[in-house]
Amino acid sequence: MSSTDQAALGGAGIDRFTGRWVGAGAGHFPTIDDFEYSEEIEFAPTPKPFVTYSSRTRGLPDGRPLHMESGYLRPTPGGELELLVSQPTGFVEIHRGTVDSEGTLALTRLTLAASPDAKPVHDVRRVMRVQGDTLTYDLWMAHGDTPLTHHLHATLHRATDR
């Protein structure tokens, strides 16, 4: 990666997200039972001016696979970060935002596209925070007849081993 590409990553705040994070979260939504899950998120460097993103969750306490998604986090020419997310349930999301002085990346949804067979998700909002070696996030979702509603909160810690 060129020094210009490295500067773009650091200047936009991607560097604070880079790494592997492990932890747990809780979910709720009016149409389902509350649940808890373990999660591993990785923002992995590439030779290009972006990082790959992956998230894998498992139900607690039984460890059954729950959700996965992947994509990219990249700087934009305007100094924002863009999160591109693909889900095997038939959704693609594009969000943009800036990292504030507290380490919070409040993302604004630009695009939510769905395959014809995907569930009726109409909106998604994401906020991620990195403070030291702790990453937290919140996710809101509008699904079916339910308006935008808080759905997930998780706290993960930077992993130092593989």
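One-based numbering along the sequence shown.
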Atom [atom1] in [X], atom [atom2] in [Y]: separation rounded to 0.5 Å?
X	Y	atom1	atom2	value
Thr146	His122	OG1	NE2	8.5 Å
Leu110	Leu83	CG	CG	10.5 Å
Glu39	Leu66	CD	CG	10.0 Å
Leu156	Ile41	CG	CD1	5.0 Å

For the residue pair [X] and [Y], what are the closest heavy atoms and their distance?
X	Y	result
Ala118	Gly90	CB-O, 3.9 Å
Val51	Pro45	CG1-CA, 4.0 Å
Gly132	Val130	O-CG1, 3.6 Å
Ala24	Leu60	CB-CD1, 4.3 Å
Leu148	Ala142	N-CB, 3.6 Å
Leu73	Leu105	CD1-CD2, 4.4 Å

Steps toward side-chain contact (heavy atoms from CB on, under 4.5 Å) verdict (Trp140, Thr149): CA-CA 5 Å; Trp140 293 257; Thr149 302; 5.9 Å; no
Are [X] and [Y] close enough that some pair of their side-chain heavy atoms sits under 4.5 Å apart?
X	Y	result
Asp34	His28	yes
Thr46	Thr52	yes
Thr134	Trp21	no
Ser38	Thr57	no
Gln131	Thr104	no
Ile94	Arg109	no

Side-chain ion pair, Arg20 and Glu42, N-O less than 4.0 Å: no
Glu40 with Arg158: basic N within carboxylate O range, under 4.0 Å: no
Working for side-chain contact (heavy atoms from CB on, under 4.5 Å), residues Phe35 and Leu152: CA-CA 10 Å; Phe35 60 97; Leu152 303 172; 3.8 Å; yes
Pairing residues for Arg125 by the side chain to side chain donor-acceptor pair (under 3.5 Å) criterion, not counting sequence neighbours: none
Contacts of type side chain to side chain donor-acceptor pair (under 3.5 Å), residue Glu80, not counting sequence neighbours: none
With a 4.5 Å cut-off on side-chain heavy-atom distances among I, L, V, M, F, W and Y, is there a chain of contacts connecting [X] to [Y]?
X	Y	value
Val124	Ile32	yes
Phe17	Val22	no
Leu139	Tyr37	yes
Val85	Val121	yes
Leu81	Leu112	yes

Residue pairs passing the salt bridge (Lys or Arg N to Asp or Glu O under 4.0 Å) test where at least one lies in residues 51-65, sequence neighbours excluded: Asp62-Arg64
Residue pairs involving residues 23-33 (criterion salt bridge (Lys or Arg N to Asp or Glu O under 4.0 Å); sequence neighbours excluded): none
side-chain contact (heavy atoms from CB on, under 4.5 Å) between Glu93 and Gln87, intermediate numbers included: CA-CA 9 Å; Glu93 305 169 36; Gln87 298 183 30; 2.6 Å; yes
Option from Arg129, Met128, His151, Arg126 for which side-chain contact (heavy atoms from CB on, under 4.5 Å) with Asp138 holds: Arg129
Stepwise side-chain contact (heavy atoms from CB on, under 4.5 Å) check, His143 with Asp123: CA-CA 7 Å; His143 177 276; Asp123 198 1; over 6 Å; no
ring-ring contact (aromatic ring centres under 6.0 Å, His included) partners of residues 51-110, not counting sequence neighbours, each pair once: Phe43-Tyr53, Phe50-Tyr72
Any residue meeting salt bridge (Lys or Arg N to Asp or Glu O under 4.0 Å) with Asp100, in chain and number order, not counting sequence neighbours: none
